[in-house]
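Start at 1 and go down the list; that is how both ligands and their atoms are numbered. Computed over heavy atoms, backbone and side chain alike; hydrogens, waters and symmetry mates excluded.
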Amino acid sequence: MRTESASHKVRPDQADIVIVGNGALGLFLADELVERRAGSVVVVGPGNRDAGASAAAGAMLGCFGETTTESLRTDASRTRFELGVRAHDRWPEVTARLEEYSTTGSPLLVTPESHVVLNSIGATLDTVNYEAMIKALDEYGKPWAEIDPNEIPGYRPRLDTRALKAVHLPNEGAVDARGVLAALENRLAQTDTVLVDQTVAKLVRNNGQIIGVELDDGHFIEAGTVVVATGARSEALVKTALDDFDTVPMFPGLGFAMLARRTGGEKFRSVVRTPNRGFACGLHVVPGPGDLEYYGATNRLVDTVSSVTWMADVRFLAQYSMQQLDERVASHEVVKWLAGNRPVTLDGFPLIGWLPLSGLYLLTGTYRDGFHCAPLLAEHVANELQGKPGTIDPMFQPTRKPIETRTIEWSIDEYVEHNLAGWFETGAQAAPQMTTNQIADYYRNMAIKFYETMNIDYALGPDILWYAQGSLLGARRVARYFQRLARAEAQPVGA
Ligand SMILES: Cc1cc2nc3c(=O)[nH]c(=O)nc-3n(C[C@H](O)[C@H](O)[C@H](O)COP(=O)(O)OP(=O)(O)OC[C@H]3O[C@@H](n4cnc5c(N)ncnc54)[C@H](O)[C@@H]3O)c2cc1C
């Protein structure tokens, strides 16, 4: 184990590349650039990673376990899905390389495998996503096996929410997110890279190009290239230098998870999770590090980034972990509450590429699997920064218009399905004579009314629709963005 040896480093005035943001994307990029000896690198970000996603992540190396009916339905979603497939292959090498720098005393790869359980507490969304996962596994020739849920180590749900089906994914595990971040920092500290424990107040431009960043105390770091990787805060930071530029809007996907110590019963030895469901990544437990277990995760799109946790989310996670994963969870000792904001874009796709200001690069929008994709994206971005061809599809460029993957009718159907899944999982009550179709109609009418009021013809994903439907601020942001887009398109070329 190597230890930090560079705490004496002084805060620099200059760097070839300043990476703003010390989450998984920023740190993996710094690591890649250092490997390539790509010049002097400074990473700016608060040591406590306030409200960041990476430090709250379960860090499932989830790819097929994340499959939904949407994953392979369009060319664009397939391209996105295959990012995950390619990212997956990197991790054995990544963990082997970082292990030497780990300070946790337990392996960074907390488990190499997952079990995906199909229980009936959600709604049909679980079933169709479970089937989509098996279809995708077969299509990509990946190993899986159906397993009796009773044979999953640690899995002891309440009988009325037990799974009748489960799949074992021998090659999809999870890493210790906080351990990986610490190991990356430790590794970088052995190099000339400087990690600045501060925030960037604004990007500084001059004559149509970026010239550096100004820190929260006014200190200026001059830079040839600035990479913005500040997660859910990226759009706001970009606006400090490009206030007239409209990238695809971003929203914080506030998530809550818990790290807890088991006090009895059989331990989990693999990730155990439901399929993606009800606007979120499914309920899951990740074993480790050490004798801890990670329970996650909620997802709630909100107006502003914060590190608070909703009481409703605490109830949700505690109650459903007990019901759906292991009854013994009730006596677990929670040692850490984790809250972070996923960087969610309006179209659900990442924002990766050069911005229309020379020297300014954006790396964000990775939503639910940014930890998993970080090493692969680091390689791509490092190439682009060095003027070499990128290694991923250019469709994620931040100068794009929102990617279209559905019709309005499809969007409404998806919204209904996700709400029904949420309705049943949360045990919502309707009058006893009310049918599921009537509940579905209630949500359908809500979505129809939303589209009529908004007067947009872009079809939103279910999570964005849920958010904009319930937030006046969110609805206005979405509506104004499309109005600006329409005005820009109506302008004659060259105007
Ligand atoms: C509860 C939860 C569970 C998740 N589970 C998984 C999972 O199992 N697998 C997976 O692959 N992904 C998961 N994700 C998603 C994943 O965490 C994100 O996609 C990814 O970590 C985003 O990384 P990032 O570096 O872009 O952003 P972040 O991790 O948010 O990092 C951004 C950093 O920038 C800093 N910052 C912000 N503003 C400034 C500023 N002005 N100046 C300097 N620094 C600034 C922040 O403090 C933060 O440290 C999960 C996310 C959450 C919230």
Side-chain angles (χ1 to χ4, degrees), residues 18-30 42-63 65-66 83-84 87-88 91 110 114 172-178 180-181 184-185 195-203 213-216 226-238 240 250 252-259 271 273 276 280-282 284 286 294-300 305 307 309 313 317 337-345 350-352 362-378:
V18 169
I19 300 171
V20 193
N22 57 346
L25 293 186
L27 292 184
F28 270 109
L29 175 59
V42 169
V43 181
V44 186
N48 64 7
R49 295 198 176 78
D50 177 42
S54 307
M60 293 181 288
L61 306 179
C63 181
E66 294 280 321
L83 264 192
H88 204 77
W91 277 93
V110 289
S114 293
E172 260 185 46
V175 290
D176 167 12
R178 289 139 293 279
V180 167
L181 294 172
L184 276 166
E185 283 191 340
L195 304 172
V196 179
D197 179 2
Q198 278 186 254
T199 54
V200 166
K202 62 176 187 183
L203 307 173
V213 300
E214 186 181 308
L215 305 187
D216 45 18
V226 174
V227 179
V228 173
T230 48
R233 289 193 159 113
S234 298
E235 187 186 359
L237 189 59
V238 167
T240 62
M250 290 185 65
L254 183 59
F256 168 61
M258 291 182 275
L259 265 180
V271 168
R273 60 169 301 168
N276 276 356
C281 50
H284 52 269
V286 178
Y294 171 102
Y295 288 84
T298 64
N299 183 34
R300 181 185 288 280
V305 172
S307 46
T309 301
D313 290 359
L317 200 55
W337 305 81
L338 302 165
N341 295 263
R342 300 173 183 86
V344 187
T345 56
L351 292 167
I352 302 169
L362 182 61
L363 171 58
T364 189
T366 49
Y367 205 173
R368 292 192 177 114
D369 69 343
F371 211 104
H372 179 221
C373 289
L376 178 81
L377 297 181

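Residues Glu66 and Arg273 form a side-chain contact, since some pair of their non-hydrogen atoms from C-beta on lies under 4.5 Å apart. With contacts defined as side-chain heavy-atom distances shorter than 4.5 Å, the pair Leu215/Val200 qualifies. Residues Val286 and Met60 meet the side-chain proximity criterion, which asks for heavy atoms closer than 4.5 Å.
Taking only non-hydrogen atoms, the option from Ile19, Val271, Thr230, Val196 nearest to atom 39 (C) of ligand 1 is Thr230. Proximity annotation for atom 23 (O) of ligand 1: of Ser54, Pro46, Gly52, Ser54 comes nearest, heavy atoms only. Among Val344, Asp50, Thr298, Asp197, the residue whose heavy atom lies closest to atom 47 (O) of ligand 1 is Asp50. Selection from Thr364, Leu25, Asn22 by nearest heavy atom to atom 49 (O) of ligand 1 gives Asn22.
An N or O contact shorter than 3.5 Å is missing between Ala55 and ligand 1 by distance. Considering backbone and side-chain N/O atoms, Cys373 never comes within less than 3.5 Å of an N/O atom of ligand 1.
With respect to atom 8 (O) of ligand 1, the closest heavy atom belonging to the protein is Met60 N, 2.8 Å. Protein heavy atom nearest atom 13 (C) of ligand 1, with residue, atom name and distance: Arg368 O, 3.0 Å. Atom 50 (C) of ligand 1 has as its closest protein heavy atom Ala57 CB, 3.7 Å.
Which parts of ligand 1 touch Gly340 is read off a 4.0 Å heavy-atom cut-off, strictly below it: atoms 53 (C). Atoms of ligand 1 lying under 4.0 Å from any heavy atom of His372, numbered from 1 in the order shown and given with element: 10 (C), 11 (O). Within ligand 1, counting atoms from 1 as listed, the ones closer than 4.0 Å to a heavy atom of Thr199 are 40 (C), 42 (N), 43 (C). Atoms of ligand 1 found under 4.0 Å from any heavy atom of Tyr294 (numbered from 1 in listed order, with element): 1 (C), 3 (C). The Gly231 neighbourhood of ligand 1 comprises atoms 26 (O), 27 (O), 30 (O), 32 (C), with distances under 4.0 Å to a heavy atom of that residue. Within ligand 1, the atoms closer than 4.0 Å to a non-hydrogen atom of Arg342 are 1 (C), 2 (C), 3 (C), 51 (C), 52 (C), 53 (C), numbered from 1 in the order shown. Those atoms of ligand 1 with a heavy atom of Tyr367 less than 4.0 angstrom away are 15 (C), 16 (C), 18 (C), 19 (O). Here is the list of ligand 1 atoms found below 4.0 Å of a heavy atom in Asp369: 10 (C), 11 (O), 12 (N).
Within the 4.0 Å heavy-atom criterion, neither part of Ala177 lies near ligand 1. At a 4.0 Å heavy-atom cut-off, ligand 1 touches Arg49 through backbone and side chain alike.
The closest approach between Phe28 and ligand 1 stays at or above 4.0 Å for every heavy atom of the residue. The shell of residues lying under 4.0 angstrom from ligand 1, judged by heavy atoms, excludes Gly296. Distances from ligand 1 to the non-hydrogen atoms of Val44 include at least one value under 4.0 Å.
For the salt bridge (Lys or Arg N to Asp or Glu O under 4.0 Å) test, no residue two or more places apart in sequence or in another chain qualifies with Arg342.
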Subject >> CA sep, side-chain torsions, deciding dist, call: Met258, Trp337, side chain to side chain contact (heavy atoms under 4.5 Å, CB included) >> reply: CA-CA 5 Å; Met258 291 182 275; Trp337 305 81; 4.0 Å; yes
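Aromatic ring pairs are classed by plane angle as parallel below 30°, tilted from 30° to 60° and perpendicular above 60°; the pair Trp91 and Phe28 is perpendicular.
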